S.K.: 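Here it is, the structure, as structure tokens.
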Amino acid sequence: MAEARPTAAPAQEYVFKPHERPFMPGSPASPDHPVRRKIGYFFIGLYLAIVGGFTNGLLIANLTSIQGHMDLTPAEGGWVTVAYNMTNACMSILLYKSRQQFGIQRFVRVIMIALLVANFLQLFDAGYRMELIARGVSGIAASGLTTLAAFYLMQGLPAEKRIAGFLLAIGLTQVAVPFARAISPLLLFDGDVSHLFDFQFALSLVAVGLVFLLQVPPGETIKSFEKLDLLTFPMLAAGVGLLCAFLVQGRIQWWSTPWLGGALAASVVLIGAAFLIEHNRQNPMLQTRWMGSAALVQFALIGALVRVLTSEQNFGASGLLAATGLINDQLVSYYWVLTGATLAGAILAILRLDPTDLRRPVLVSLAVIAVGAFLDTHSGLRTGPVNLYFSQAAIAFAAVYFMGPMMMEGLLRALTKGPSYLVSFVGVFSLSQTLGGLAGVAALSAFHTLRTKAHLMTLGQSISTNNPAVAQGINSLAGALTGDMTDPVLRSAVAGSQVVREAAREATILAFNDVFFVIGAFSALAFVPLFVRWAYDRRRGHNPLAKELEALQKMRAQNQ
């Protein structure tokens with residue numbers, strides 16, 4: 001292990017007391033702040049968490065508008081999403097080691113510069129390539145902003161409640177996604193996408209001003225990087241980027257596109273090679289043996305599974321409402337409901353956090369997702385936002401309610417192993433959430449496409465003109481067009497095309513019902529074994545994290 005080397009400080013600067021020293025290299029110290037400064041840290045942390053979530057939320061909410069503004073094809077729009085996710089998924093690993101090597105203050109400067117650059121580039125509407133670069137830089141900035149927001153919130157809370165600051169930063173980042181959808185119609189009221197870029201740049205300017213007005217305390221550094229990191233990290237990042245491209249472009253260009261197979265194969269080779277090198281290193285960047293343990297694999301799979309299930313909200317419910325003919329301007333109240341539910345999940349996850357029972361919130365989330373998804377399986381052409389308020393609010397609540405306890409479990413397992421294991425946990429959690437979300441949307445999209453075709457074939461058999469009811473309906477529609485069209489053959493053709501379009505809409509909605517059923521079924525199936533294991537442990541009085549909690553108590557006692 002590398003030896004710690006405290007950041008040098010002039011003699012006249014404040015000397016930290018033992019209990020104020022950083023908990024680990026790369027983190028800021030925790031001095032005894034006066035009340036006004038604590039309040040300042042807390043509110044800056046809240047702002048940074050929202051801004052970090054907006055980076056992705058505004059992209060998700062307005063991708064269609066951005067595509068139209070830049071005259072992009074759906075595949076080109078997909079690459080914008082890939083650019084953000086590929087940097088966001090991997091940079092948490094690099095940024096963690098950078099904090100340890102170069103200190104928290106340099107980390108802050110890099111993140112703020114990245115945030116400013118990303119949003120400044122978009123002001124000039126310089127085209128598609130510049131948008132890709134800006135979104136890639138945005139992914140880096142968003143990854144760092146969440147961590148920085150956690151540091152600020154932790155500075156603003158008492159020592160015994162600082163873990164709540166960390167969890168609140170994670171939760172608020174999720175709240176920003178439906179919040180961005182709720183305010184987007186206001187930003188684009190006249191259809192000018194440049195307002196969106198102006199708003200993002202204004203948010204980043206305020207963030208930079210706040211951060212430099214009240215800086216986080218300094219920390220300690222260690223020699224973190226090694227030469228082999230320069231080989232394994234680029235390999236891992238390239239592999240994850242190709243995997244993101246496969247998941248995003250697969251649902252757009254369809255999975256049989258030849259280059260997608262090559263991208264998937266290359267990603268497996270690159271990620272596998274990176275892990276092989278790490279596995280045989282003396283001082284690895286990623287603790288592969290620990291990452292391959294049963295406990296951590298289970299942790300990653302549960303986290304990815306819940307993210308896959310909750311991805312229904314960004315694809316299923318939004319797609320259903322779009323299929324019924326609704327646009328963003330008509331969904332503002334719907335997204336405000338989801339924002340409130342997500343915020344409630346973030347807050348309740350903190351208030352109900354119990355380190356001795358961290359699996360209960362996961363079980364609650366799975367049960368809530370199952371109920372919410374099953375409630376939506378009876379949607380139809382007349383389904384509106386108000387019909388989905390309860391079910392989708394429940395899913396939005398569950399999507400963030402499980403995250404705090406999951407993070408807590410991973411942190412406990414990593415902290416008790418040592419600081420070098422934290423980067424592995426950060427990598428596992430970031431990748432499971434990002435790739436889980438992309439994989440969820442990709443899988444649901446493919447399933448929806450297949451089910452739409454199946455329903456359309458079934459409906460097609462019943463809309464033949466040989467069916468007297470269908471023929472009568474077409475004649476009625478054709479009669480309504482008499483004032484606009486004089487040619488009876490043209491009227492009949494237009495009326496027939498309307499019937500086909502309605503059948504296609506109905507098939508699309510029936511396929512979304514199938515998606516909701518699959519989500520509910522998988523949630524229920526995942527709930528059963530997890531509940532059985534949880535009930536078994538509770539009956540025996542066994543806490544799976546008992547050793548980790550005991551080790552953490554000893555570490556805290558040593559730092560007093």
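Predicted model only: the values in this text are computed from it and were never measured.
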S.K.: Within the structure provided, determine whether Gln200 and Ser138 are in side-chain contact (heavy-atom separation under 4.5 Å).
M.R.: no
S.K.: Determine, stepwise, if the pair Arg135 / Trp79 fulfils side-chain contact (heavy atoms from CB on, under 4.5 Å).
M.R.: CA-CA 10 Å; Arg135 289 300 173 181; Trp79 285 115; over 6 Å; no
S.K.: Taking all non-hydrogen atoms of both residues, which atom of Gly372 and which atom of Ser391 are closest, and how far apart?
M.R.: O-CB, 3.4 Å
S.K.: Which heavy atom of Ala83 sits nearest a heavy atom of Met86, and at what distance?
M.R.: O-CG, 3.5 Å
S.K.: Between Pro405 and Ala349, which heavy-atom pair has the shortest distance, and what is it?
M.R.: CD-CB, 4.4 Å
S.K.: Please find out if less than 6.0 Å separates the ring center of Phe179 from that of Phe54.
M.R.: yes
S.K.: Give a yes or no on whether Phe201 atom CZ has more than 12 heavy-atom contacts from other residues, nucleotides or ligands under 6.0 Å away.
M.R.: yes
S.K.: Measuring from atom CG of Asn88 to atom SG of Cys244, what distance do you get when rounded to the nearest 0.5 angstrom?
M.R.: 9.0 Å
S.K.: Is the shortest side-chain heavy-atom distance between His448 and Asp514 below 4.5 Å?
M.R.: no
S.K.: Taking the side chain as C-beta and beyond, is there a heavy-atom pair between Ile277 and Leu231 under 4.5 Å?
M.R.: yes
S.K.: Taking the side chain as C-beta and beyond, is there a heavy-atom pair between Val400 and Val175 under 4.5 Å?
M.R.: no
S.K.: Quick one: are Gln249 and Thr257 in side-chain contact, heavy atoms under 4.5 Å?
M.R.: no
S.K.: Ignoring hydrogens, what is the shortest heavy-atom contact between Val332 and Ala182? Give both atom names and the distance.
M.R.: CG1-O, 3.7 Å
S.K.: Determine whether more than 12 heavy atoms belonging to other residues, nucleotides or ligands lie under 6.0 Å from atom OH of Tyr47.
M.R.: yes
S.K.: State, yes or no, whether a side-chain contact exists between Leu236 and Phe275 at a heavy-atom distance under 4.5 Å.
M.R.: yes
S.K.: Examine Phe246 together with Trp255 and report whether their ring centres are nearer than 6.0 Å.
M.R.: yes
S.K.: I want to check something: taking the side chain as every heavy atom from C-beta on, are Gln155 and Phe42 in contact at a cut-off of under 4.5 Å?
M.R.: no
S.K.: Which pair of non-hydrogen atoms, one from Met235 and one from Leu270, has the smallest distance, and what is that distance?
M.R.: O-CB, 3.6 Å
S.K.: Any heavy-atom pair between the side chains of Gln392 and Ile395 that's under 4.5 Å?
M.R.: yes
S.K.: Going from CZ on Phe166 to OG1 on Thr147, what distance comes out if it is rounded to the nearest 0.5 angstrom?
M.R.: 7.0 Å
S.K.: Sequence neighbours excluded, which residues qualify as side chain to side chain contact (heavy atoms under 4.5 Å, CB included) partners of Leu214?
M.R.: Arg37, Tyr41, Ile44
S.K.: Apply side-chain hydrogen bond (donor to acceptor under 3.5 Å, both in side chains) to residues Ser333 and Tyr389 and explain how you reach the verdict.
M.R.: CA-CA 9 Å; Ser333 59; Tyr389 278 176; 2.8 Å; yes
S.K.: With rounding to the nearest 0.5 angstrom, report the CG to CG distance, Leu172 to Leu168.
M.R.: 4.0 Å
S.K.: Of all the heavy-atom pairs spanning Thr232 and Ala274, show the shortest one and how long it is.
M.R.: O-CB, 3.8 Å
